[in-house]
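Just so it is clear, the values below take in all heavy atoms, side chains as well, and ignore hydrogens, waters and symmetry mates.
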Amino acid sequence: MIISDKKLNQFTLEDVIQRKVQFTNTNTIFDKTDFKDNDEGELLAYHEMLSDVRGMTECEFVNKYVKIIKELGAV
């Protein structure tokens, strides 16, 4: 999935999320058994974010994730 001819300023949010999915699926840094639940949760979140990136306006996306961040900060 690495796109070697893309300049850094050409990367989209979708590209970054797809790279995170790729890393989560293929990384060998962490023991897969120790991080199984974490990886599953991350992948679910990344797939939801990809869906949001593809279907929401910028304002909708920002509002949704600012709300989530605020809720997490209140915990």
Side-chain angles (χ1 to χ4, degrees):
M1 181 181 298
I2 293 182
I3 305 166
S4 59
D5 61 345
K6 243 186 183 184
K7 292 184 179 184
L8 289 176
N9 66 353
Q10 295 173 315
F11 277 85
T12 64
L13 183 54
E14 184 174 357
D15 293 329
V16 173
I17 296 168
Q18 287 174 338
R19 295 279 179 98
K20 289 291 290 174
V21 168
Q22 179 185 10
F23 174 79
T24 302
N25 284 327
T26 62
N27 87 74
T28 57
I29 297 169
F30 306 109
D31 183 346
K32 287 289 190 188
T33 55
D34 289 343
F35 288 88
K36 183 179 182 295
D37 292 337
N38 183 71
D39 288 354
E40 288 175 3
E42 278 190 39
L43 290 172
L44 286 171
Y46 294 143
H47 287 291
E48 181 175 347
M49 287 179 77
L50 279 173
S51 176
D52 291 344
V53 164
R54 293 173 181 149
M56 290 181 161
T57 65
E58 179 182 1
C59 286
E60 291 170 330
F61 184 89
V62 168
N63 288 337
K64 176 180 179 175
Y65 288 94
V66 165
K67 181 180 175 193
I68 290 171
I69 291 167
K70 285 181 179 180
E71 288 171 357
L72 290 172
V75 175

In Å, rounded to the nearest 0.5 Å, how long is the span from [atom1] of [X] to [atom2] of [Y]?
| X | Y | atom1 | atom2 | result |
| --- | --- | --- | --- | --- |
| T57 | N63 | OG1 | CG | 8.0 Å |
| I17 | Y46 | CD1 | OH | 9.0 Å |
| L44 | D39 | CG | CG | 11.0 Å |

Decide, yes or no, whether a salt bridge links E40 with K36 under the criterion of side-chain N to carboxylate O below 4.0 Å. yes
Kindly write out the residues that satisfy side-chain contact (heavy atoms from CB on, under 4.5 Å) with S51, not counting sequence neighbours, or none if the list is empty. none
Is it possible for you to say whether L43 and F35 belong to one hydrophobic cluster, with membership spreading through side-chain heavy-atom contacts below 4.5 Å? no
In one Ile/Leu/Val/Met/Phe/Trp/Tyr side-chain cluster, 4.5 Å: M56, L50: yes
If you look at every heavy atom in D15 and Q10, which pair is closest and at what distance? OD2-O, 4.0 Å
Please report, to 0.1 Å, the donor-acceptor pairs under 3.5 Å made by any side chain of residues 66-75, with sequence neighbours excluded.
none

If you look only at distance, which donor and acceptor atoms sit under 3.5 Å apart when one is on a side chain in residues 23-30 and the other is two or more places apart or in another chain?
from : atom 1 : to  : atom 2 : distance (Å)
T24  : OG1    : K20 : O      : 2.8
N25  : ND2    : V21 : O      : 3.3
T26  : OG1    : Q22 : O      : 2.8
N27  : OD1    : I29 : N      : 3.3
N27  : OD1    : F30 : N      : 3.3
N27  : ND2    : F23 : O      : 3.4

Mind checking whether M49 and Y65 have side chains closer than 4.5 Å, heavy atoms only? yes
